[in-house]
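Chain naming here is simple, since letters A, B, ... match the order of the sequence lines and numbering starts at 1 in each.
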Protein chains: 2
Amino acid sequence: MKATRNTTAKTTILEIIKNSAVALSHTEIQTLSHTICDRVTIYRVLDRLVREDIIHKIVNLDGTIKYASCHHAHNEIKHTHNHIHFSCEKCHLVTCLEHVEPTFDLPPNYQVNEVNFTLSGLCPNCL
Amino acid sequence: MKATRNTTAKTTILEIIKNSAVALSHTEIQTLSHTICDRVTIYRVLDRLVREDIIHKIVNLDGTIKYASCHHAHNEIKHTHNHIHFSCEKCHLVTCLEHVEPTFDLPPNYQVNEVNFTLSGLCPNCL
DNA sequence: ATTATTAACGCAACATTGTTGCATTATAAA
DNA sequence: TTTATAATGCAACAATGTTGCGTTAATAAT
């Protein structure tokens with residue numbers, strides 16, 4: 001594994017994501033960062049943060065991709081993001097329901113590497 | 001509800017989707033249809049078919065959107081697409097696992113209108 | 001503290017995907 | 001057959017994501 005560097009772009013973007021209660025899209029991060037860096041750099045930083053398992057990717061029901069920071073113990077070697085995400089149709093906020101992990105019975109001979117559970121509807125604030 | 005017409009584009013596209021064992025993207029449908037109609041028409045036909053509840057939309061883990069025909073009894077007034085979809089990382093085929101419906105406990109005051117469950121990994125053929 | 005290595009960046013250019021307006025065509029009903 | 005309008009084709013546009021390459025700057029080595 002190659003060494004990864006701490007740059008101002010990376011720390012700023014990570015700060016934005018960590019300070020947000022909801023998952024953010026590339027465009028939202030771009031707006032919040034007040035063009036601290038190029039649009040391309042944001043894409044690259046986000047990829048890096050996902051690869052380093054510092055943030056995780058969420059696919060919304062409309063296909064837009066959002067990012068949220070990972071809340072997990074530091075000593076975990078490997079963890080999964082198998083919790084549910086809720087996308088509100090009114091306020092358009094995407095939140096991680098970290099404690100809601102669905103159960104299901106898969107047919108044999110499937111190897112699962114990644115999961116994405118997203119619900120949409122109305123969140124408690126908009127209901 | 002406005003009347004909807006049966007056009008050659010609509011029937012051809014629906015035929016393609018119905019004959020496919022896996023979910024198809026807009027681009028895949030375009031290729032399979034051998035440019036029977038304009039790219040824009042495909043978008044509009046797909047929207048129409050989703051609205052009419054003849055096909056359903058699946059959001060893949062990479063954010064790409066796929067379409068699959070709905071398998072449900074004709075007399076059902078309303079049905080949900082709460083089954084799991086599996087996206088194979090090797091053959092890139094997206095299949096509906098129609099009988100796998102996950103269960104989960106949502107906190108109170110959430111109103112769910114739509115769901116999207118997608119897993120990725122290796123399908124039985126590629127394992 | 002200085003130098004060397006190379007990860008990360010900015011910029012430009014491009015590719016893909018999805019949307020909108022409008023004139024024209026064709027479906028289905030009158 | 002006529003009529004209303006849903007559906008289409010085309011062009012233009014917008015948004016999003018990718019790639020190549022020369023430059024900048026973070027980190028390690030001296």
In B/S/- notation (B base, S sugar-phosphate only, - none; protein heavy atoms under 4.0 Å), nucleotides 15-25 of chain D written 5' to 3' is -SBBBB----B

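Partners of B:T64 under the side-chain hydrogen bond (donor to acceptor under 3.5 Å, both in side chains) rule, at least two apart in sequence or in another chain, are B:D62. Judged as a side-chain hydrogen bond (donor to acceptor under 3.5 Å, both in side chains), and not counting sequence neighbours, the contacts of A:T118 are A:N116. Residues passing the side-chain contact (heavy atoms from CB on, under 4.5 Å) test with B:R44 are B:V40, sequence neighbours excluded. Applying the side-chain contact (heavy atoms from CB on, under 4.5 Å) criterion to A:S120, with sequence neighbours excluded, gives A:L61, A:S87, A:E89, B:E114. Qualifying ring-ring contact (aromatic ring centres under 6.0 Å, His included) partners for B:F86, counting only residues two or more places apart in sequence or in other chains: A:Y110. In terms of the ring-ring contact (aromatic ring centres under 6.0 Å, His included) criterion, residue partners of B:H56 (sequence neighbours excluded) are, by chain and number, B:H81, B:H83, B:H85. The side-chain contact (heavy atoms from CB on, under 4.5 Å) test applied to B:Y43 returns B:H26, B:R39, not counting sequence neighbours.
Picking from D:dC10, C:dC11, D:dT8 the nucleotide with the shortest atom distance to the side chain of B:T41 gives D:dT8.
Within residues 7-15 of chain A, no residue places a heavy atom under 4.0 Å from DNA chain D.
In this structure, the separation between CG on A:L32 and CD1 on A:I16 is 5.5 Å, given to the nearest 0.5 Å.
For the pair B:L49 CG and D:dA6 C1', the computed distance is 14 Å after rounding to whole Å. For the pair B:I42 CD1 and D:dA7 P, the computed distance is 16 Å after rounding to whole Å. If you take CG of B:L46 and C1' of D:dA7, they are 14 Å apart, rounded to a whole angstrom. Rounded to whole angstrom, the span from the CD atom of A:Q30 across to the P atom of D:dA14 amounts to 17 Å. A straight line from CG of B:D38 to P of C:dT17 spans 15 Å, rounded to a whole angstrom. A:N6 places its CG atom 10 Å from the P atom of D:dA26, with the value rounded to the nearest Å.
Among residue pairs with one or both ends in residues 10-19 of chain A, those qualifying as salt bridge (Lys or Arg N to Asp or Glu O under 4.0 Å) are A:K10-A:E52; sequence neighbours excluded.
Through side-chain heavy atoms spaced under 4.5 Å, either directly or across other Ile, Leu, Val, Met, Phe, Trp or Tyr residues, A:L127 is tied to A:L122.
OP1 or OP2 of C:dA8 has at least one side-chain nitrogen or oxygen of A:T4 nearer than 4.0 Å.
An angle of 40°, rounded to 10°, separates the two end axes of the helix from C:dA1-D:dT30 to C:dA30-D:dT1, each defined over five pairs.
For A:D105, the CG atom is loosely surrounded, since the number of other residues' heavy atoms within 6.0 Å does not exceed 12.
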